[in-house]
Structures are given as structure tokens and as C-alpha cells.
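Worksheet: one structure, shown below.
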Amino acid sequence: MWRRVASFSPFISSTKSSILSQLVPTMKIWESFTTEAPIPVNHGISSKDSTPFITFVLGGPGSGKGTQCAKIVDTYGFKHLSAGDLLRREIARNSEYGSTILDTIKEGRIVPSEVTVRLIRREMELSDNHKFLIDGFPRSEENRISFERIIGAEPNIVLFFDCPEEEMVKRVLNRNQGRVDDNIDTIKKRLKVFEALNLPVVNHYAKKGKLHKIWAVGAEDEIFEQVRPAFAGCEVISES
Ligand SMILES: Nc1ncnc2c1ncn2[C@@H]1O[C@H](COP(=O)(O)OP(=O)(O)OP(=O)(O)O)[C@@H](O)[C@H]1O
Ligand SMILES: Nc1ccn([C@H]2C[C@H](O)[C@@H](COP(=O)(O)O)O2)c(=O)n1
Ligand SMILES: [Mg+2]
């Protein structure tokens, strides 16, 4: 059984609390989040032969995270874990909390960290790969702190795809993948959440010297040329 979901309050600054109270979901509905397949504590990642190499991929909605992750997977052989995809999979398989996740995503808000981190942890434990690309995570300081607490690790590097809002909106509206959150109303809310919560995460990793900021406008291949130096120490498995 999953533990009770922690409150957001310790991680929210007083100046941000009023806007955030509108952005984050009511915690009560998540308090008894459970899963049918419990994960043994402290198993998996830490017991693998290779120490995990973790890359976080940040950027607003439509900034091109998923597109660039596909190139990183092809070139450097990472395991791609998209937090949004993992949450959408819970919705698709009608898991007990799928409908609450769906409502949260439709509203453009962020699912409580404990839920997302445990989905990520399960995938990391199941993977034979030790190089992970964690896409769309952390979305907030609360996400970041939960990851450190539950997984007990920090990212080796952090990519931040920096894209103007206008371009992000255009891309999302043209995406055509049938996502419930790819409509103008939800995009506006997602952008608000992004603006409110992303910067402290970026600043945290910039201070640690782990941040690679990438200008995410231009041709996909040109953007990938900015990505390559971040992986200079990684073996190239296929030239793309
Ligand atoms: N450099 C680019 N120029 C133009 N369009 C792009 C570029 N990169 C990606 N796209 C397109 O923009 C859309 C959004 O890209 P993508 O899904 O990779 O973004 P994302 O950051 O993963 O978004 P989200 O956070 O919503 O999942 C897709 O339709 C993709 O094909
Ligand atoms: N760390 C995360 C990542 C994603 N979500 C939810 C909220 C997002 O709007 C949605 C889609 O994510 P994307 O595919 O755009 O990365 O999923 C979240 O709550 N927490
Ligand atoms: Mg994506």
C-alpha cells in the first residue's frame, strides 16, 4: 500500500500560496492512494550493478521535450520515462485513481508528487537500462523534493528547453495526438502552472551546475545539436 500523500504546504512560499491553491488539486482525494502491485522498499535501483545515470528534462508544454527525448534515446540509448505518459497510462488502464488523474490533467494542474514519483520508480526498477531520461519532471520544487526522498538520488544532468509561450501554444494546438489537455483553455492553465513553478527548479539545478539550457526554437535537428554537448561523456550507440 502506498503511503499517505504529503501536504504541499511545506514547499510553497507564502507569496505563491494564493495562486498555487488554485493550481494544485485538493489533497484529500489523494490521501488513500494505493496500488495493486506494491513495490518492496529499497529494492531495485540501488541494488542494480550500475549506478543509475539520471537526466531530468524540463520545459513548458509543447517546448519539444518528447521530440528531443526520442533523439537522445536513439543516439545515447537512454530509457525514456515521460511522467505525463505514465500518468496517461494510469488513465487508460482505468486504475483506481485514473479518473482523478484525468480530472487533474484536464484542469492543467499537477498530480501529487508521491503518485508520479512512485510510477517513475516502478519503471526504473523494471528497466534493465541504467540510463534514464525523465521527461516532464520535476514540474515543481515539491516534485523535486519528493523524488529525492523516495528515490534517494539526484539527477546527473538537467535539460531545460526554453521556448516562447506563443511558439508552445502553436505547437500544442497543432499536435493532433488527441490529448485531452491540448486545447486552448487547458493550455492557458498549464502555462500558468509552468510559469509559477518551473523557475525555482531551474534555479536549483543551475546553482548546482547541472543545468543545460537549450533554446528550443528552430529545426529539431538544430536543437539536438545544442543537446549533444550535455551528453559528451556518454557513449554514442547510433549516429543520428
Ligand atoms: N523544433 C520544433 N519545431 C516545430 N515543431 C516542433 C519542434 N519540436 C517539436 N515540435 C512539434 O511540437 C509538438 C510538441 O512537441 P513535443 O510533444 O515534443 O513537446 P513536449 O514538450 O513533449 O510537450 P508536452 O509537455 O505537452 O508533452 C509536436 O507536434 C512536435 O512534433
Ligand atoms: N511531473 C508531472 C508531469 C505531468 N503531469 C501531468 C500534468 C501535465 O499537464 C500532464 C501532461 O504532462 P506532459 O505530457 O505535458 O509532460 O501530466 C504531472 O502532474 N506531473
Ligand atoms: Mg511530452
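Whatever order the structure lists ligands and atoms in, that order sets their numbers, starting from 1. Position 1 is the first residue of the sequence; numbering continues from there.
To the nearest 0.5 Å, atom CG of residue Asn156 and atom NZ of residue Lys131 are 12.0 Å apart. Rounding to the nearest 0.5 Å places NE2 of His130 at 14.5 Å from NZ of Lys79. Rounded to the nearest 0.5 Å, atoms OG (Ser113) and CD (Glu142) are 3.0 Å apart.
Of all protein heavy atoms, the one closest to atom 20 (N) of ligand 2 is Ile110 CG2, 3.8 Å. Given atom 23 (O) of ligand 1, the protein heavy atom at minimum distance is Gly62 N, 2.9 Å. For atom 9 (O) of ligand 2, the closest non-hydrogen atom on the protein side is Arg190 NE, 3.6 Å. Looking at atom 19 (O) of ligand 1, its nearest protein heavy atom turns out to be Gly64 N, 3.2 Å. For atom 14 (O) of ligand 2, the closest non-hydrogen atom of the protein is Arg88 NH2, 2.9 Å. Summary of contacts: the protein heavy atom closest to atom 27 (O) of ligand 1 is Arg179 NH1, 2.9 Å.
Residue-level proximity to ligand 2 for Arg179 is carried by the side chain, the only part with a heavy atom below 4.0 angstrom. Proximity of Ile223 to ligand 1, defined as any heavy-atom pair under 4.0 Å, is confined to the side chain (atoms from C-beta onward). When heavy-atom distances to ligand 2 are checked against a 4.0 Å cut-off, Asp181 comes that close only through its side chain, counted from C-beta outward. Contacts with ligand 2 closer than 4.0 Å are made by side-chain heavy atoms of Asn143 only, the backbone lying farther away.
Between the side chain of Arg139 and the backbone N or O of Asn198 there is no donor-acceptor pair closer than 3.5 Å. No donor-acceptor distance shorter than 3.5 angstrom exists from the side chain of Glu123 to the backbone of Leu81, with no hydrogens or angles considered. Between the side chain of Asp74 and the backbone N or O of Ser238, no donor-acceptor pair lies under 3.5 Å.
Listed by number with element, the atoms of ligand 2 under 4.0 Å from a non-hydrogen atom of Leu87 are 4 (C), 5 (N), 6 (C), 17 (O), 18 (C), 19 (O). Close approach of ligand 2 to Ile105 (heavy-atom distance below 4.0 Å) involves ligand atoms 6 (C), 10 (C), 17 (O). Heavy-atom contacts of Gly60 reach the following atoms of ligand 1: 21 (O) (cutoff under 4.0 Å). Close contacts of ligand 2 with Val111, meaning ligand atoms under 4.0 Å from a residue heavy atom, involve 18 (C), 19 (O). Close approach to Phe137 involves these atoms of ligand 2, each under 4.0 Å from a residue heavy atom: 1 (N).
For Gly136, a nitrogen or oxygen atom sits less than 3.5 Å from a nitrogen or oxygen atom of ligand 2, counting backbone and side chain alike. Checking only distances, Asp135 never comes within under 3.5 Å of ligand 1, N or O to N or O. Any N or O atom pair closer than 3.5 Å counts here, and Thr116 shares no such pair with ligand 2.
Looking at Thr67, Asp221, Leu173, Val172, it is Thr67 that brings a heavy atom closest to atom 18 (O) of ligand 1. When the heavy atoms of Arg175, Lys65, Glu167 are ranked by distance to atom 26 (O) of ligand 1, first place goes to Arg175. Scanning Arg139, Arg109, Lys65 for the heavy atom closest to atom 13 (P) of ligand 2 points to Arg139. Counting heavy atoms only, Gly218 comes closest to atom 3 (N) of ligand 1 of the residues Gly218, Ser63, Gly66. If you check each of Arg139, Arg88, Arg171 against atom 5 (N) of ligand 1, the one with the closest non-hydrogen atom is Arg171.
Aromatic ring orientation, Phe56 versus Phe147: perpendicular (interplanar angle above 60°, classes split at 30° and 60°). Between Phe53 and Phe78, the ring planes lie perpendicular to each other; the angle is over 60°, past the 30° to 60° tilted range.
Residues Ile150 and Arg121 have side chains in contact (heavy-atom distance under 4.5 Å, counting atoms from C-beta outward).
Summarising the local packing, NZ of Lys213 is surrounded by 12 or fewer heavy atoms from other residues, nucleotides or ligands at distances under 6.0 Å.
Judged purely by distance below 3.5 Å, without hydrogens or angles, the side chains of Thr67 and Glu220 never pair a donor atom with an acceptor atom. Using modelled atom types, one finds a donor on one side chain and an acceptor on the other under 3.5 Å when comparing Thr186 with Asn183.
Contact between Arg171 and Ser63 at its shortest, heavy atoms only, is NH1-O, 3.1 Å.
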Between His80 and Asp135, does a side-chain contact (heavy atoms from CB on, under 4.5 Å) hold up when you go through it step by step? CA-CA 7 Å; His80 180 208; Asp135 167 1; 2.9 Å; yes
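Taking a 4.0 Å cut-off on heavy atoms, Gln177 fails to register as neighbouring ligand 1.
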